[in-house]
Structures are given as structure tokens and as C-alpha cells.
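These notes are about the structure you will find just below.
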Amino acid sequence: PPFRIGPGTLTGLWNQALSYLSTHRAGLLDTLLSGLGRLVELVTAGALALFLSVFFIHSGERLWRWAGDELLPRGARPVWERAGRAAWWAFSGYTRGIIVVAAVNAVLVGVALLVLRVPLALPLTLLEFFATFVPLVGSPVALGVATVVALAGRGPLTALAVLALIVVIGQIEGHLLHPLVMSWAVRLHPLVIAVSVVAGSIVGGIIGAVVAVPFVSVAWAVLRALRSVPP
């Protein structure tokens with residue numbers, strides 16, 4: 001359960017997996033070592049980010065003023081301050097907005113999956129929450145996974161109900177949540193958001209797709225702030 005796979009099928013798959021492991025042992029070992037190296041890099045980067053975040057939260061204002069006073073000429077400091085404030089407000093506003101949108105989406109999806117008695121409702125709810133951080137495409141992909149699980153565990157009628165849920169959630173997110181929550185933080189056209197997500201995914205994969213929209217929104221906020229500086 002929930003995929004209704006018999007014991008004989010599982011035994012056959014297990015034997016095939018053992019045969020594949022014995023045949024491709026060397027290549028799999030190299031892949032494993034490479035994956036462990038990337039995992040170490042990820043853990044190291046996460047620890048460094050946490051370490052730096054503590055100091056940014058504790059003394060971010062002093063660090064910002066020191067950078068402006070020590071690294072910039074006096075005439076450039078007002079522009080530096082104006083651009084930095086605009087970048088911070090754009091980034092913090094986007095972060096708060098996307099968390100609110102993701103939480104609302106996850107609650108709606110979780111309640112619907114529990115009502116429909118779809119298996120793995122809690123993991124699918126968490127998947128919906130994190131997938132929403134990829135604008136436009138993350139939520140439909142997560143609900144597509146939920147549709148496959150519903151089809152395997154509850155049958156075609158429940159899968160159709162989850163498909164209808166995709167349409168409803170998309171309408172709520174596109175016409176209610178994003179205009180109300182995100183419009184004051186990210187003043188970008190939907191076409192710009194779509195192109196940013198595609199470009200970010202090409203350059204940096206999933207991480208690039210996640211950071212593309214806040215990066216573009218910060219750049220646009222800084223540009224607007226600098227453009228409005230009187231000559």
C-alpha cells in the first residue's frame with residue numbers, strides 16, 4: 001500500500017536490484033563518493049550560513065554602517081544607503097509573502113487530501129509547502145505528484161478530485177494570494193517572473209529557480225531606488 005504491489009513483484013524487484021548492484025559496483029561506488037562530497041559541501045555551507053546569520057542578526061546595522069563608512073567615499077554613502085534599504089525591503093517583503101502563500105497553500109492542500117483520504121497526506125502537504133517557493137510551477141508539480149498518489153491509492157475518482165483541487169488552488173493563489181500578499185513586495189509582471197524562474201532553473205537548477213524571483217525583485221528595487229535619486 002498505497003501502490004498495491006504484490007509480494008512476488010517486490011521479490012523480483014529486489015533480485016533485480018541486487019543483480020544491478022553486483023554488476024555496477026565500481027560505478028556506484030564512485031557516484032556514492034561524489035554524492036558524499038557534495039553532501040559535505042552542503043553541510044559546510046549550511047553551517048557557515050547559520051554562523052554568519054547569527055552575526056548579521058545581532059549586529060547587522062553596525063556591519064552595514066562600517067561597510068559604508070570605511071569602503072565608500074562620503075559622496076557615495078547616501079546612494080549606498082538608499083539602494084541597500086530598497087534591496088532589504090524587497091527581499092524581506094518577498095520572503096514574508098512567499099512564506100504566507102506557501103503556508104496557505106499547504107493548509108488548503110492538506111485539508112483537502114485528508115478529506116479525500118489520500119495516502120501520504122502529510123508528506124504531500126509538506127511537498128506542497130516547499131514546492132510553492134518555486135513560483136508558478138512548483139505548486140502544480142507538487143499537486144501532480146499528489147494526483148499520482150491518489151490514483152494509485154484511492155482510484156480515478158479521487159485522482160480527478162485532486163486534479164480539480166489543482167485548478168482551485170491555482171485560482172486562489174493567482175487571483176487572491178499573490179495580488180494581496182505579494183504585490184506590495186514584488187512589483188514584477190508575471191511574464192518577468194516566468195522568465196526569471198526558467199532562467200534561474202537553467203543556470204542553477206532547483207536552487208536557481210527558488211532564488212531567481214527574489215534576485216530579480218531586489219535588482220529591480222535597487223534600480224528604482226537609484227533612478228529616483230535627484231541629480
Side-chain angles (χ1 to χ4, degrees), residues 36-107 126 128-139 173 177-190 192-231:
L36 287 177
R38 294 181 180 179
L39 179 61
V40 171
E41 293 178 359
L42 181 63
V43 172
T44 304
L48 179 61
L50 180 62
F51 177 77
L52 294 177
S53 297
V54 172
F55 286 96
F56 290 155
I57 293 173
H58 178 263
S59 55
E61 288 287 340
R62 292 200 302 270
L63 292 173
W64 178 259
R65 286 196 298 268
W66 178 89
D69 295 340
E70 299 294 332
L71 303 179
L72 296 174
R74 184 178 300 274
R77 292 172 190 173
V79 178
W80 165 265
E81 185 73 17
R82 190 185 188 99
R85 296 291 178 183
W88 172 249
W89 282 112
F91 177 74
S92 59
Y94 175 83
T95 303
R96 289 191 295 266
I98 198 66
I99 290 176
V100 171
V101 173
V104 173
N105 276 6
V107 170
L126 294 176
E128 170 66 20
F129 176 80
F130 290 108
T132 307
F133 284 86
V134 181
L136 300 181
V137 297
S139 180
E173 180 181 353
L177 293 179
H178 272 284
L180 291 179
V181 178
M182 300 293 290
S183 60
W184 49 270
V186 182
R187 297 184 177 93
L188 297 176
H189 193 276
V192 177
I193 295 177
V195 174
S196 301
V197 171
V198 173
S201 63
I202 293 175
V203 174
I206 297 178
I207 297 178
V210 172
V211 303
V213 176
F215 178 81
V216 173
S217 65
V218 167
W220 176 242
V222 171
L223 180 62
R224 293 178 66 229
L226 294 179
R227 190 174 56 188
S228 61
V229 175

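The first residue in the sequence is number 1, and the count goes up from there.
When the ring-ring contact (aromatic ring centres under 6.0 Å, His included) test is applied to Phe130, no partner is found at least two apart in sequence or on another chain. Applying the side chain to side chain contact (heavy atoms under 4.5 Å, CB included) rule to Phe56 yields the partners Leu52, Leu63; only residues at least two apart in sequence or on another chain are considered. Checked against ring-ring contact (aromatic ring centres under 6.0 Å, His included), Phe91 has no partners two or more places apart in sequence or in another chain. Every residue was checked against the side chain to side chain contact (heavy atoms under 4.5 Å, CB included) condition with Leu50, not counting sequence neighbours, and none meets it. For the side chain to side chain contact (heavy atoms under 4.5 Å, CB included) test, residues two or more places apart in sequence or in another chain that qualify with Ala131 are Ala142. Ala219 meets the side chain to side chain contact (heavy atoms under 4.5 Å, CB included) test with no other residue; sequence neighbours excluded.
Across all non-hydrogen atoms, the minimal contact from Ala225 to Arg82 is O-NE, 3.1 Å. Here the closest heavy-atom approach between residue Glu128 and residue Ser139 is recorded as OE2-OG, 2.7 Å. Pro78 and Gly75 make their closest contact through CD-O, 3.5 Å (heavy atoms, listed as atom of the first residue, atom of the second, distance). For the pair Ala221 and Ala90, the tightest heavy-atom approach, listed with the atom from each and the gap, is CB-CB, 3.6 Å. Residues Thr95 and Ile98 approach most closely at O-CG2, 3.3 Å, considering heavy atoms. Residues Ala67 and Trp80 approach most closely at CB-CZ2, 4.2 Å, considering heavy atoms.
A side chain to side chain donor-acceptor pair (under 3.5 Å) check over residues 60-71, counting only residues at least two apart or in different chains, returns the pairs Glu61-Arg85, Trp64-Glu81.
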Please tabulate, one pair per line, all N/O donor-acceptor pairs under 3.5 Å involving side-chain atoms of residues 199-213, not counting sequence neighbours.
residue : atom : partner : partner atom : Å
Ser201  : OG   : Val197  : O            : 3.2
Ser201  : OG   : Val198  : O            : 2.7

